[in-house]
Colleague: 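I have a structure I would like to understand better, so I am pasting it below and will then ask my questions one at a time.
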Amino acid sequence: MWTNWAGNQRTQTPIKRPTSISELQQAVAQSGTLRVVGAGHSFTPIVAGGDRILDLSDIDLPVVGGVGEDKVWVNANARLRDLSPALAGQGMAFRNLGDINTQSLAGAVSTATHGTGRSLPCLAAEITAAKLVSAGGDILTTDDIPLEMAQVTLGMLGILTEAQISVVPKYNLRRRVRLADLQDCIANMHQNWVQNRNFEFFYIPFTGKAVELRHEISDAAESRAPRDLDMIAVKVLKLARNVGRLSSGLRDLLLRLLTMAQSDEDYVGESWRVLCSDRHIRFKEMEYHLPPDVAQDVLQEVITRLHRDHKDIYFPIEVRQTAGDSACLSPFQGGPRISIAIHTDADEDHQRYFDAIEPLFVEAGGRPHWGKMHSLSYAELSTMYPDFDRFCALREQLDPSDKFLMPALARLFRP
């Protein structure tokens, strides 16, 4: 049985693993619907529901192929955690990454996965050319499909096999972490994005405190990374929530002790090692990308509702910013967006919390992360993207038998 990382999506559909592009073409050309799986880090039902599932982790393509001065061809189904050291071996690096790197590149770009940085776009915007296997089993390239259509597809235009991506010379980052007063953090967040290459923060529920993270390129020698205490912190937050059901005073005490134990960090390391971290505690997530001018007000209201109505929530709220791009299905199409992400434990009910917060995001003009949980359908999504119907028309042209269109995707991309 296949299950995603969070355990909220699963299917009994057997998985086949082609080992060559020709085997992949033959498999795709067969009748019946199919989807491709990567690391399973999406929370949405875009794999289950098909007749077949393909895993491309055994395809005989090199992790890194043709190398240019600032562009390189890569195996699109390699994991980001393998691509980064392979690029480093060539003296190159991704311009930016998110904080999780277990995804395949294809999965990450197809859902517009992103990091943080006011001038740094999502991963999909780094694609400059691509090769795909069509619904009929033919090889297509970005000479056949407009690049802005091929960058973010949710796997509906074809199976992405190779991608040419923009890269930069290998670099180190200095990471600084500190605990801040929440209201000061919110008041200064726009300034912090201007002043820092990478900036993000996490609000720790019911504490009035936020953890701020800053990254800058550094020529300094690498230093030893501090111990990653995120897992311990989340466990303490859960413990505080649980004891709070018996004593609100004890919960407050544990939260105060947690914030007192939060220590500053300041170290230098290779970019991908600094940007990315392991996530051992599984969760479910909703993330919306908001126009920058409304993000502060929306965040304040999210926190107000959290405090008033959702005292069982203990996962932090994450806030990031990403530069705009031109991809048709990119949530960042047309300009930068500030992303607000809310989470629950993977084994706990998320519905009440997510249902209460999502309307705030939608009413403020937010666009959902394609790989994270939301309740929207074609009626709402088609009004959010200027080229949405243009993309849908191309999808129907390239896949007239709906080979790549699972029921959950049909709800999003069909009236």
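Residue numbers count from 1 along this sequence.
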Colleague: For the pair Phe283 and Trp5, name the ring-plane relationship: parallel under 30°, tilted 30 to 60°, perpendicular over 60°.
Modeller: perpendicular

Colleague: Indicate whether any N or O donor in one side chain lies under 3.5 Å from an N or O acceptor in the other, for Glu380 and Thr383.
Modeller: no

Colleague: Does any donor atom in the side chain of Thr19 or Arg17 lie under 3.5 Å from an acceptor atom in the other side chain?
Modeller: no

Colleague: Say you draw a straight line from CZ of Phe94 to OH of Tyr171; how long is it, rounded to the nearest 0.5 Å?
Modeller: 10.0 Å

Colleague: Is the shortest heavy-atom distance from the side chain of Leu306 to the side chain of Phe206 under 4.5 Å?
Modeller: yes

Colleague: Over all heavy atoms of both residues, which pair between Tyr385 and Pro331 is shortest? Give the atoms and the distance, please.
Modeller: OH-CA, 3.6 Å

Colleague: Using every non-hydrogen atom in the two residues, find where Glu270 and Asn172 come nearest and quote the distance to one decimal.
Modeller: CA-OD1, 3.4 Å

Colleague: Is any side-chain heavy atom of Arg414 closer than 4.5 Å to a side-chain heavy atom of Tyr378?
Modeller: no

Colleague: Would Arg395 count as a cation-pi partner of Phe413, with NZ or CZ less than 6.0 Å from the six-membered ring centre and within 45° of the ring normal?
Modeller: no

Colleague: Main chain of Gly158, side chain of Ser134: is a donor-acceptor contact present, judged purely on distance under 3.5 Å?
Modeller: no

Colleague: Any non-hydrogen side-chain atom of Thr142 less than 4.5 Å from a side-chain atom of Gln164?
Modeller: no

Colleague: Heavy atoms, side chains only, cut-off 4.5 Å: are Arg176 and Arg178 in contact?
Modeller: no

Colleague: I'd like to know if the side chain of Gln151 pairs up with that of Asp325 as donor and acceptor (distance under 3.5 Å, no hydrogens or angles considered).
Modeller: no

Colleague: Restricting to non-hydrogen atoms, name the atom on Trp73 and the atom on Ala130 that form the minimum distance, rounded to 0.1 Å.
Modeller: CH2-N, 3.9 Å

Colleague: Short question: side chain of Asp309, backbone of Thr304 - any donor-acceptor pair under 3.5 Å?
Modeller: no

Colleague: Donor-acceptor pair, distance only, cut-off 3.5 Å: does the side chain of Arg337 make one with the backbone of Gln321?
Modeller: no

Colleague: Between Gln183 and Gln300, do the side chains contain an N or O donor and an N or O acceptor separated by less than 3.5 Å?
Modeller: yes

Colleague: Using 30° and 60° as the class limits, which term best fits the ring planes of Trp370 and His374: parallel, tilted or perpendicular?
Modeller: perpendicular

Colleague: If you look at every heavy atom in Thr116 and Asn96, which pair is closest and at what distance?
Modeller: O-ND2, 3.2 Å

Colleague: Evaluate the side-chain proximity of Lys403 to Leu34: yes if any heavy-atom separation is below 4.5 Å, no if none is.
Modeller: yes

Colleague: Listed by chain and number, what are the side-chain contact (heavy atoms from CB on, under 4.5 Å) partners of Thr207, not counting sequence neighbours?
Modeller: Tyr203, Ile204, Lys209, Leu255, Thr259

Colleague: Walk me through whether Val72 and Ile165 qualify under side chain to side chain contact (heavy atoms under 4.5 Å, CB included).
Modeller: CA-CA 6 Å; Val72 58; Ile165 57 172; 3.8 Å; yes

Colleague: Charged N to carboxylate O below 4.0 Å: is that the case for Glu216 and Arg174?
Modeller: no

Colleague: Please check if the side chain of His343 supplies one atom and the backbone of Pro316 the other of a donor-acceptor pair under 3.5 Å.
Modeller: yes

Colleague: Would you confirm whether Arg367, through its side chain, and Leu381, through its main-chain N or O, come within 3.5 Å as a donor-acceptor pair?
Modeller: no

Colleague: Regarding Glu358 and Ser375, is there a side-chain donor-to-acceptor distance under 3.5 Å anywhere?
Modeller: yes

Colleague: Once you round to the nearest 0.5 Å, how far does CD1 of Ile342 lie from CD1 of Ile313?
Modeller: 8.0 Å

Colleague: Tell me if a side-chain donor or acceptor on Asp349 pairs with a main-chain N or O of Gln351 at a distance below 3.5 Å.
Modeller: yes

Colleague: Report the C-alpha separation of Asp99 and Glu318 in whole Å, then their side-chain angles, then the decisive distance to 0.1 Å, and conclude whether the side chain to side chain contact (heavy atoms under 4.5 Å, CB included) test is met.
Modeller: CA-CA 11 Å; Asp99 60 358; Glu318 183 179 18; 3.6 Å; yes

Colleague: In Å, rounded to the nearest 0.5 Å, how long is the span from CG of Leu97 to CG of Leu123?
Modeller: 6.0 Å

Colleague: For the CZ atom of Arg282 and the CG atom of Asn4, what is their distance to the nearest 0.5 Å?
Modeller: 9.0 Å

Colleague: Just wondering, are more than 12 heavy atoms of other shown residues or ligands nearer than 6.0 Å to CZ in Arg308?
Modeller: yes

Colleague: Any sub-3.5 Å donor-acceptor pair from Thr3's side-chain atoms to Gln9's backbone N or O?
Modeller: yes

Colleague: Are side-chain heavy atoms of Tyr288 and Val362 found at a separation under 4.5 Å?
Modeller: yes

Colleague: About how many Å separate CG of Leu253 and OG of Ser247, when rounded to the nearest 0.5 Å?
Modeller: 9.0 Å

Colleague: Counting only heavy atoms not in Arg241, do more than 12 fall under 6.0 Å of its CZ?
Modeller: yes

Colleague: Which heavy atom of Gly49 sits nearest a heavy atom of Pro407, and at what distance?
Modeller: O-CD, 4.1 Å

Colleague: For Phe332 and His289, what are the C-alpha separation, side-chain angles and deciding distance, and is it a side chain to side chain contact (heavy atoms under 4.5 Å, CB included)?
Modeller: CA-CA 8 Å; Phe332 313 102; His289 311 295; 3.6 Å; yes

Colleague: Other residues, nucleotides and ligands only: do more than 12 of their heavy atoms fall within 6.0 Å of CE on Met1?
Modeller: yes

Colleague: So, does Thr13 use its side chain to make a donor-acceptor pair with the main chain of Asp51 at under 3.5 Å?
Modeller: no

Colleague: Charged N to carboxylate O under 4.0 angstrom, Glu287 versus Arg320?
Modeller: yes

Colleague: Test your reading of the model: is there a side-chain donor-acceptor pair from Arg175 to the backbone of Glu265, 3.5 Å cut-off?
Modeller: no

Colleague: Do any N or O atoms from the side chain of Lys311 and from the backbone of His307 form a donor-acceptor pair under 3.5 angstrom?
Modeller: yes

Colleague: Would you mind listing every side-chain hydrogen bond (donor to acceptor under 3.5 Å, both in side chains) that reaches into residues 36-47, with sequence neighbours excluded?
Modeller: His41-Thr102

